[in-house]
Number of protein chains: 2
Amino acid sequence: MEPLKTMSVVTDSPCPHRHNVNCGDCRMKALCLPLALELDQVEQLDRIIQRGRPYQREEHIYRAGDAFHAVYAVRSGAIKTFAMTDQGVEQVTGFYLPGEIFGMDGIAHTHHISSALALETSAVCEIPFTRLEDLSIALPSLQRHFFQLMSREIINDQRLVALIGKNSADERLATLLMSISTRNAKRNLSELRFRLPMSRADIGNYLGLTVETVSRVFSRFQKQRLLKVDKKEIEILDLGGLQELANV
Amino acid sequence: MEPLKTMSVVTDSPCPHRHNVNCGDCRMKALCLPLALELDQVEQLDRIIQRGRPYQREEHIYRAGDAFHAVYAVRSGAIKTFAMTDQGVEQVTGFYLPGEIFGMDGIAHTHHISSALALETSAVCEIPFTRLEDLSIALPSLQRHFFQLMSREIINDQRLVALIGKNSADERLATLLMSISTRNAKRNLSELRFRLPMSRADIGNYLGLTVETVSRVFSRFQKQRLLKVDKKEIEILDLGGLQELANV
DNA sequence: CGACGCGTTGAATGTTGTCAAACCGAGTGG
DNA sequence: CCACTCGGTTTGACAACATTCAACGCGTCG
């Protein structure tokens, strides 16, 4: 009876984007901010978090120039963040999957210097930053965890610099695919079959390549039987081969 | 008499690398961690900071694999941070000048994943991280300031990604030179004449270019009368021209 | 149906990397 | 004092990978 009840709770979950989920129930709690917290502390965190209706594809979470007042956690869907260089060229700075935090680059200023938009229908938790700061003083483990999250963001960016600065187009794309694959695995999704939420242009922009090159590399990977590609649907046929190309 | 005394205090400063300087007297206090703090708070910060003898050229401040226990502030000299990719290739992740904080990528883990070494004789303030965390709880403005510092590091890395991913060798080097120039200006040093503390190889590594390309671009800039280059001594002849090439 | 966005493919071009050689200054030792 | 080496830098010739420009295919939506 008990297991049945649990089952039903899991299976009749009506929609992955529903907004009446608190941190304690969220399927991403093991990856996200609550990770470092005790049960009662999660409740305190939960009280400051704001959850609105889901964002539709192409909808902005924030835009460069908006006043900064929160960081965000992805609950479902996928988010891309990007900045404009002074010459008006877009630079994609990241892709964020459920359980991941974005918007930390806004902390340094009073206004956002980059933008964030939903690549598909996405639910997002808004974490008002001044309240997070206050709570971090009450909960040292939250402070520590947030320092670590920001540090991890720095490490990720540095790895991206190395990837773009030192690796070929093949290696760059293989690394991105491996990244998405392993991040999917952590979310109990298939690491071998998934749908890319972003366009070829976004991928190229992120990796410092042109759309044409991205397209060619996908074709090459297919010829080499590393992948099966159908538009945005990806099937990894040779995980080892891809891993060998990627910078782990 | 009063001005004379002040003069003498400034001029007989025996050595820029001396280690018996507290934050309140440090010439970098307006750029560094104390920036956000009141006078008595600076004293509290000062008490947790450790200052050893200066590091010599090529000496490591920490190595990848060392236990992480502190972040660092440059007091004098210049520091380069770098990581090894799994293939054993060095990746330079940053150059740090007086008043700047480095080592924040270590916060995410118990051990450093990158290394830091002195490019020239350098004095460094060591800030034990657990004590900084404790103090951040007592001094909310310190917590805020440190969050902002980390955010700024993220922004810098993202800008580097954009630079390497989207710009030519000329633009990359021009941007680095402009960065050093403006950072020098903030330290009341000449923005038009300075000595690069790092080798051509370091520059190339950092910018995702080969040594040969870096060298060629320096030559090209000289032919175009943008720079006068004598080994590591740089004189900017056409600041506007350089700025135009750089991504501001 | 035609227009449009997105992705793919081809051919030509070019910037940067690779390989090789030479230079230069500093330091060393005969 | 000079010859020597050594690391860092510069320069040249060539090749390669990615970009650019162009065309085309495909699906969607008006």
Side-chain angles (χ1 to χ4, degrees), chain A residues 56-58 80 87 89-92 117 119-120 161-177 195-224 226-234 245, chain B residues 56-58 78 80 82 87 89-92 117 119-120 161-177 195-224 226-234 245:
Chain A
Q56 296 305 314
R57 188 174 139 71
E58 292 288 282
K80 119 180 163 185
Q87 301 102 358
V89 183
E90 182 176 320
Q91 168 65 39
V92 175
L117 71 70
L119 291 169
E120 54 189 49
V161 169
L163 182 68
I164 296 178
K166 306 234 187 306
N167 292 104
S168 67
D170 288 27
E171 292 165 332
R172 293 186 216 177
L173 187 58
T175 305
L176 176 62
L177 292 172
R195 181 185 165 76
L196 295 173
M198 71 293 279
S199 70
R200 301 287 192 266
D202 286 334
I203 294 175
N205 190 313
Y206 178 70
L207 294 176
L209 299 168
T210 58
V211 206
E212 294 94 327
T213 302
V214 173
S215 181
R216 278 185 246 273
V217 175
F218 269 124
S219 304
R220 210 175 303 154
F221 282 178
Q222 259 190 129
K223 280 208 190 69
Q224 297 167 167
L226 290 169
L227 297 181
K228 193 166 168 308
V229 182
D230 177 26
K231 301 230 68 171
K232 303 198 165 178
E233 295 293 338
I234 302 293
L245 274 175
Chain B
Q56 297 304 313
R57 188 174 140 70
E58 292 287 282
K80 119 179 165 188
F82 60 100
Q87 301 101 359
V89 183
E90 183 176 319
Q91 169 65 40
V92 175
L117 69 72
L119 291 169
E120 54 190 48
V161 170
L163 183 68
I164 296 179
K166 305 238 188 304
N167 292 103
S168 68
D170 287 29
E171 293 165 331
R172 293 185 218 178
L173 188 57
T175 303
L176 176 62
L177 291 172
R195 182 184 164 75
L196 295 173
M198 72 294 278
S199 69
R200 300 286 192 267
D202 286 335
I203 294 175
N205 191 313
Y206 178 69
L207 294 175
L209 300 169
T210 59
V211 204
E212 293 94 328
T213 302
V214 174
S215 181
R216 277 185 248 272
V217 176
F218 269 123
S219 305
R220 211 174 302 155
F221 282 179
Q222 260 190 127
K223 281 208 189 72
Q224 296 167 168
L226 289 169
L227 297 180
K228 193 167 167 308
V229 182
D230 176 26
K231 301 231 66 174
K232 303 197 165 178
E233 295 293 338
I234 302 293
L245 275 175

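The figures that follow rest on heavy atoms only: side chains count, while hydrogens, waters and symmetry mates do not. Here is the naming used below: chain letters follow the sequence lines, and residue numbers restart at 1 for every chain.
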Visitor: Salt bridge check, Glu90(A) against Lys80(A): does any charged N sit closer than 4.0 Å to a carboxylate O?
Guide: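 Looking at Glu90(A) together with Lys80(A), the answer is yes, because their closest N to O distance falls below 4.0 Å.
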
Visitor: In whole angstrom, give the distance that lies between atom CG of Leu207(B) and atom P of dT16(C).
Guide: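 The distance from CG of Leu207(B) to P of dT16(C) comes to 12 Å, rounded to the nearest Å.
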
Visitor: Go nucleotide by nucleotide along DNA chain C from the 5' end; which of Gly165(A) and Ala201(A) gets its closest nucleotide reached first?
Guide: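 Closer to the 5' end of DNA chain C: Ala201(A).
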
Visitor: Can you figure out which of dT20(D), dT9(D), dA18(D) approaches the side chain of Ser168(A) most closely?
Guide: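 Of dT20(D), dT9(D), dA18(D), dA18(D) is nearest to the side chain of Ser168(A).
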
Visitor: Counting side-chain heavy atoms from C-beta on, which of dA18(D), dT9(D), dT8(C) comes nearest to Ser215(B)?
Guide: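 For the Ser215(B) side chain, the nearest candidate turns out to be dT9(D).
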
Visitor: As an exercise, state the distance from OG of Ser215(A) to CG of Leu173(A), rounded to the nearest 0.5 Å.
Guide: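 Spacing of OG (Ser215(A)) from CG (Leu173(A)) equals 10.5 Å.
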
Visitor: In whole angstroms, how far is the P atom of dT10(D) from the CZ atom of Phe221(B)?
Guide: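 Atom-to-atom, Phe221(B) to dT10(D), this comes out as 13 Å.
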
Visitor: Arg200(B) CZ to dC24(C) C1': how many Å, rounded?
Guide: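 Taking atom C1' of dC24(C) as the reference, CZ of Arg200(B) is at 13 Å.
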
Visitor: How many Å lie between CD1 on Ile164(A) and P on dA18(D), as a whole number?
Guide: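 Checked: the CD1 to P distance equals 13 Å.
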
Visitor: At under 4.0 Å between heavy atoms, what does Gly208(A) touch on the DNA or RNA strands: base, sugar-phosphate, or nothing?
Guide: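 If one applies the 4.0 Å heavy-atom cut-off, Gly208(A) turns out to touch the sugar-phosphate alone, with no base involved.
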
Visitor: Taking CZ from Arg172(A) and C1' from dC17(D), how many angstroms apart are they, rounded to a whole number?
Guide: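 Going from CZ in Arg172(A) over to C1' in dC17(D) covers 10 Å.
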
Visitor: Return no unless some side-chain N or O of Ser219(B) is found under 4.0 Å from OP1 or OP2 of dT10(D).
Guide: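 Answer no for this pair, as no side-chain N or O of Ser219(B) is under 4.0 Å from OP1 or OP2.
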
Visitor: Specify the separation, in whole Å, of atom CD of Glu212(B) and atom P of dA22(C).
Guide: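 For the pair Glu212(B) CD and dA22(C) P, the rounded distance is 16 Å.
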
Visitor: Round to the nearest Å and state the distance from Leu196(B) atom CG to dG8(D) atom P.
Guide: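 Computing the Leu196(B):CG to dG8(D):P distance gives 16 Å.
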
Visitor: Please evaluate the base of dG12(D) for a donor-acceptor partner in the side chain of Arg216(B) within a cut-off of under 3.5 Å?
Guide: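 It does, because a donor-acceptor pair links the side chain of Arg216(B) to the base of dG12(D) below 3.5 Å.
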
Visitor: Take Val214(A) and Lys231(A), find for each the nucleotide of DNA chain D with the closest heavy atom, and name the residue whose nucleotide sits nearer the 5' end.
Guide: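 Counting from the 5' end, the first nearest nucleotide belongs to Val214(A).
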
Visitor: Atom CZ of Arg220(B) and atom P of dG12(D): how far apart are they, to the nearest Å?
Guide: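 Between P of dG12(D) and CZ of Arg220(B): 12 Å.
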
Visitor: Using a heavy-atom cut-off of 4.0 Å across all strands, would you classify Lys232(A) as base, sugar-phosphate, or nothing?
Guide: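 Since only primed, P, OP1 and OP2 atoms lie under 4.0 Å of Lys232(A), the category is sugar-phosphate.
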
Visitor: Thr213(A) near the nucleic acid: base, sugar-phosphate alone, or nothing, with a heavy-atom cut-off under 4.0 Å?
Guide: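 Touches a base.
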
Visitor: Could you tell me whether Arg57(A) and Glu120(A) make a salt bridge, using a distance below 4.0 angstrom between a side-chain N and a carboxylate O?
Guide: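 Salt bridge between Arg57(A) and Glu120(A), a charged N being under 4.0 Å from a carboxylate O: no.
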
Visitor: Looking at every non-hydrogen atom in both residues, tell me the closest pair between Arg172(B) and Leu207(B) and how far apart they are.
Guide: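 Heavy-atom minimum between the residues: NH1-O, 2.8 Å.
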
Visitor: Determine whether more than 12 heavy atoms belonging to other residues, nucleotides or ligands lie under 6.0 Å from atom NZ of Lys232(B).
Guide: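 More than 12 within 6.0 Å, yes.
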
